[in-house]
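Input: a single structure, listed below in structure tokens.
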Amino acid sequence: MKEVIQELLGQALHQLVKKDYLPGKVTDHPAADIEITNCPDPAKGDYASNIALKLAKIAGMPPMQLAEMLVEHTSRSRHIAEIRADSPGFINVKLADNCLFKLVVDVLEAGDRYGHKQPEQRQRICVEFVSANPTGPLHVGHGRGAAYGATLSALLDAAGYDVHREYYVNDHGRQMDILAVSVWLRYLELCGEQVSFPVSGYRGDYVYDIARLIRNEHGDHLRHNRFEVSDQLPADASEDGSSGDKEKHIDALIRRARALLGEDGFRIVFKSALQAMLDNIRTDLAEFGVEFDEWFEEHKLDQSGAIDDAIQRLRDAGHIYEQDGAQWFRATEFGDTQDRVVIRDNGRKTYFASDIAYLESKLKRGFKPAIYSFGADHHGYIPRLKAVAQGLGHDPDDIEILLVQFANLFRGGERLSMSTRSGEFTELRQLREEVGNDVARYYYIMRSHNQHMDFDLELAKENDLDNPIYYIQYAHARIASLFRKLEAEGVRYNQAIGIASIKLLTNDYEQQLIRGLLEYPEIIQSAAEKRSPHILAHFTHELARKLHSYYNAERILVDDENLRNARMALLTATAQVLRNALRIMGCSAPEQM
RNA sequence: GUCCCCGUAGCUCAGCUGGAUAGAGCGAGCGCCUCCUAAGCGCUAGGUCGCAGGUUCAACUCCUGCCGGGGACACCA
């Protein structure tokens, strides 16, 4: 609808230029881009444009006069009931009733697809999110990234993009080695060996679970006695950190494990750990309603030679140099604060080297853009990834990096520690079990992603009377309940009669609801463009509010057959939009509460 | 020290990529069920939009500085 008005005003503008009322430069000016907003005052209209205010100076006339001229030259349309200039120069447009009534029918016809674009040619977009290291279960912080990424993906899909959801599995690095060693040590413990556990090791109970699995399958085959394991290792850090070196210790322990187990034995432990963690994460996310099209494994980049190829490309382009025995990428050339090592002096590739190959892989696969969703602590990655994109000869705008700020957990005003060590409340799974998936999904996305947020479990769970997601779901359930009620009374809903009588929906509440439905497609587009799922969350809450107001003010199941069916048709359409929106947010739309 | 995010009503947050009287929820106060789920609705109170400058016809929105909160600055992953 906005496009229609935009078009009409555009034509008016061109006419004025053609008739020489306005200088030609007006239409060339960037400000001639006509934007249509929702009119703040419903009495004045449905839509508004500030075009006359923006162009007044270039046109050389007062904004009000320009607005009036534009109104005069806007051709009549059956969609528009009234168009007028209001001081200080806004153009307000009131939609024709027919147009609004027809919209209800549109919603009913489109059903699940209402508001969702399906263009012929869908642009391919990649959304990479979560990508937590598989060294432990997902924690509450990952939850926000998961909810954000999943909702953003669904939003982009609804907005007409071909979305590829991807999880980058860091299965290659030192942290994974540390997990493997941690598992092995717990395994030895289960075998009855008295081994000490390193400070840097992973301590969660899940480590024991994996160790137990390995022991069930391999018995004592991987057992070595504690003297072999710990003989002549550099000292671990002491509890207070005053002596020893935990990093040296753990690295030596990794080498020792490799030596004792042999590459095959180590791989058994390593793979079991990786597999178990990935299963854990995958299940957790699936239960949370978060699915991926691809789990992209880092080690394959190395195996396939993609990392070497990518580095070679940078080298050929003159962006790699050697210093202190290491190979560096000249990131400063593209605005990063410092150059970055890609191959260490010991010959090992850095994590960053994988990043380079991964970025190349995404762009080679034709994603435009490739979206990265990171935790806010990764903001330092933006310049270096943008630098890589340029170094590889791509447009830096082809990658888009979105930062999701942290979520602080509270319980009744008291801040909960999220560190694994104190372990009061850390796992996403715990959160889901405590508050439920719907609540968690909605709470995570109801705030702008670049806003720090406070997630109070007390408000999310116990105080469910005031819970916004229940409020929304209740609106949906209320509509369903009306249909049940009708059926119980032995009366049938007749949609054909409803549509034929749709013009009876003239009161304020009904008009407001219809306008809400009208707004939905615009909300989808704008939320997707701005990468801001919270816009949809707010809209849905607002639509539910309109429904509740209507329900309280008017009786729906009236005796008059025409009016009753018309109202039911409107409610059917409203329920449809609520359902569509809830689906995008990953929340259920219950029939009953 | 450099960089990123944030500072709007008692609390948690919106504010549509500068526009017409700054909004919502919670909390506070007052009302509304012989009637379709009161998990609801209506009304009232409450804000120098952190502070100081600047750009503009117009600034909560853009720029600069300062103050305050959070975070990042590895041949870690």
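Proteins come first, then strands; the chains are lettered A, B, ... in the order of their sequence lines, and each starts at number 1.
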Base of C13(B) paired with side chain of His534(A) (donor-acceptor, under 3.5 Å): no

Which distance, rounded to the nearest 0.5 Å, do you find between the CD1 of Ile91(A) and the SG of Cys39(A)? 12.0 Å

Determine the contact category for Gln592(A): base if any of its heavy atoms lies under 4.0 Å from a base atom, sugar-phosphate if only primed atoms, P, OP1 or OP2 are that close, otherwise nothing. base

Testing the 3.5 Å rule here: is there a donor-acceptor pair between the side chains of Thr135(A) and Asn133(A)? no

Could you work out the separation of C11(B) and G53(B) based on their C1' atoms and round it to a whole Å? 32 Å

Test of ring centre spacing under 6.0 Å for Tyr474(A) and His548(A): yes

C1' atoms of A45(B) and C26(B), separation to the nearest Å: 15 Å

Taking atom C1' in both U61(B) and G50(B), what distance in whole Å separates the two? 16 Å

Complementary nucleotide of C66(B), counting Watson-Crick and G-U pairs under 3.5 Å: G50(B)

Distance, C1' atom - from G46(B) to G23(B), rounded to whole angstrom: 13 Å

Hey, are Lys349(A) and Asp308(A) close enough for a salt bridge, meaning a charged N less than 4.0 Å from a carboxylate O? yes

May I ask you to verify if any side-chain N or O of Gln451(A) is less than 4.0 angstrom from the OP1 or OP2 atom of A14(B)? yes

Side-chain N or O of Lys530(A) less than 4.0 angstrom from OP1 or OP2 on U17(B)? yes

Name the nucleic acid region contacted by Asp171(A), choosing base, sugar-phosphate or nothing; use a 4.0 angstrom heavy-atom cut-off, strictly under. nothing

Which nucleotide wins on minimum distance to the side chain of Ala48(A), given the candidates A20(B), C76(B), U37(B)? A20(B)

Spacing of the P atoms in C16(B) and A52(B) (rounded, Å): 23 Å

Is the base of C33(B) syn or anti, if syn means a glycosidic angle within 90° of 0? syn

Counting just side-chain N and O atoms, does Arg484(A) come under 4.0 Å of either OP1 or OP2 of C36(B)? no

Using a heavy-atom cut-off of under 4.0 Å over every strand shown, decide if Arg555(A) touches base, sugar-phosphate, or nothing. base

Within the 4.0 Å heavy-atom criterion, would you say Ser448(A) contacts the bases, only the backbone, or no part of the nucleic acid? sugar-phosphate

Measuring centre to centre across the rings, with the benzene-like ring taken for any Trp, is His541(A) within less than 6.0 Å of His538(A)? no

Any-strand Watson-Crick or G-U partner of A24(B), both distances under 3.5 Å: U12(B)

Note: Glu554(A)-Arg567(A) ion pair, threshold 4.0 Å (strictly below): yes

Quick one: is A74(B) close enough that its OP1 or OP2 comes under 4.0 Å of any side-chain N or O from Arg344(A)? no

Taking the side chain of Gln338(A) as heavy atoms from C-beta outward, which of A74(B), C13(B), G25(B) is closest to it? A74(B)

Looking at U37(B), C13(B), C75(B), which one has an atom nearest to any side-chain atom of Trp328(A)? C75(B)

Does the A58(B) base have a donor-acceptor partner in the side chain of Asn50(A) within less than 3.5 Å? no

When you measure only distances, ignoring hydrogens and angles, does the side chain of Asp377(A) come within 3.5 Å of the base of G71(B) through a donor and an acceptor? no

Donor + acceptor pair across side chains of Tyr358(A), Glu166(A) (<3.5 Å): yes

Please report the distance separating the P of C5(B) from the corresponding atom of C63(B), rounded so that it comes out in whole Å. 10 Å

Once you apply a heavy-atom cut-off of 4.0 Å, does Asn346(A) come out as touching a base, just sugar-phosphate, or nothing? nothing

Expressed as a whole number of Å, how far does the C1' atom of C4(B) sit from that of U21(B)? 36 Å

Could you check whether Tyr321(A) and Asp339(A), counting side-chain N and O atoms only, form a donor-acceptor pair closer than 3.5 Å? yes

Using the glycosidic torsion, which applies to U17(B): syn (within 90° of 0) or anti (everything else)? syn

Does a side-chain N or O of Ser481(A) approach OP1 or OP2 of U37(B) to a distance below 4.0 Å, or not? yes

Applying a 4.0 Å non-hydrogen cut-off, can you work out what Met446(A) is touching in the nucleic acid: base, sugar-phosphate, or nothing? nothing

Using only heavy-atom distances, decide whether a donor-acceptor pair under 3.5 angstrom links the side-chain of His452(A) to the base of C5(B). yes

Taking only the side-chain nitrogens and oxygens of Tyr471(A), find out if one of them lies under 4.0 Å from OP1 or OP2 of C41(B). yes

Report which part of the nucleic acid Glu554(A) touches: base, sugar-phosphate, or nothing (heavy-atom distance under 4.0 Å, all strands). base

Once you apply a heavy-atom cut-off of 4.0 Å, does Ala477(A) come out as touching a base, just sugar-phosphate, or nothing? base

Rounding to the closest angstrom, what is the interatomic distance between A74(B) and C62(B) at atom P? 30 Å

Identify which nucleotide among A39(B), C4(B), C75(B) has an atom closest to any side-chain atom of Leu403(A), counting heavy atoms from C-beta outward. C4(B)

Mind checking Asn170(A) for me? I need base, sugar-phosphate or nothing, with any heavy atom below 4.0 Å counting as a touch. nothing

Using a cut-off of 4.0 Å on non-hydrogen atoms, how would the nucleic acid contact of Pro40(A) be classed: base, sugar-phosphate, or nothing? base

Examine G19(B): is either OP1 or OP2 under 4.0 Å from a nitrogen or oxygen in the side chain of Thr37(A)? Give yes or no. no

With a 3.5 Å limit on both atom pairs, tell me what C60(B) is paired to, counting Watson-Crick and G-U wobble, or say none. none

When both hydrogen-bonding distances must be under 3.5 Å and the geometry is Watson-Crick or G-U wobble, what is U55(B) paired with, if anything? none

For Tyr551(A), which contact category applies under a 4.0 Å heavy-atom criterion: base, sugar-phosphate, or nothing? base

Any idea which of A39(B), G19(B), A20(B) is nearest the Lys44(A) side chain? A20(B)

Looking at the side chain of Lys57(A), which of G25(B), A20(B), C57(B) is the nearest nucleotide? C57(B)

Are more than 12 heavy atoms from other residues, nucleotides or ligands located less than 6.0 Å from atom CG of Asn507(A)? yes

Counter-base of C30(B), judged by Watson-Crick or G-U geometry with both distances under 3.5 Å: G42(B)

If pairing requires Watson-Crick or G-U wobble contacts with both distances under 3.5 Å, which nucleotide is the partner of U17(B)? none

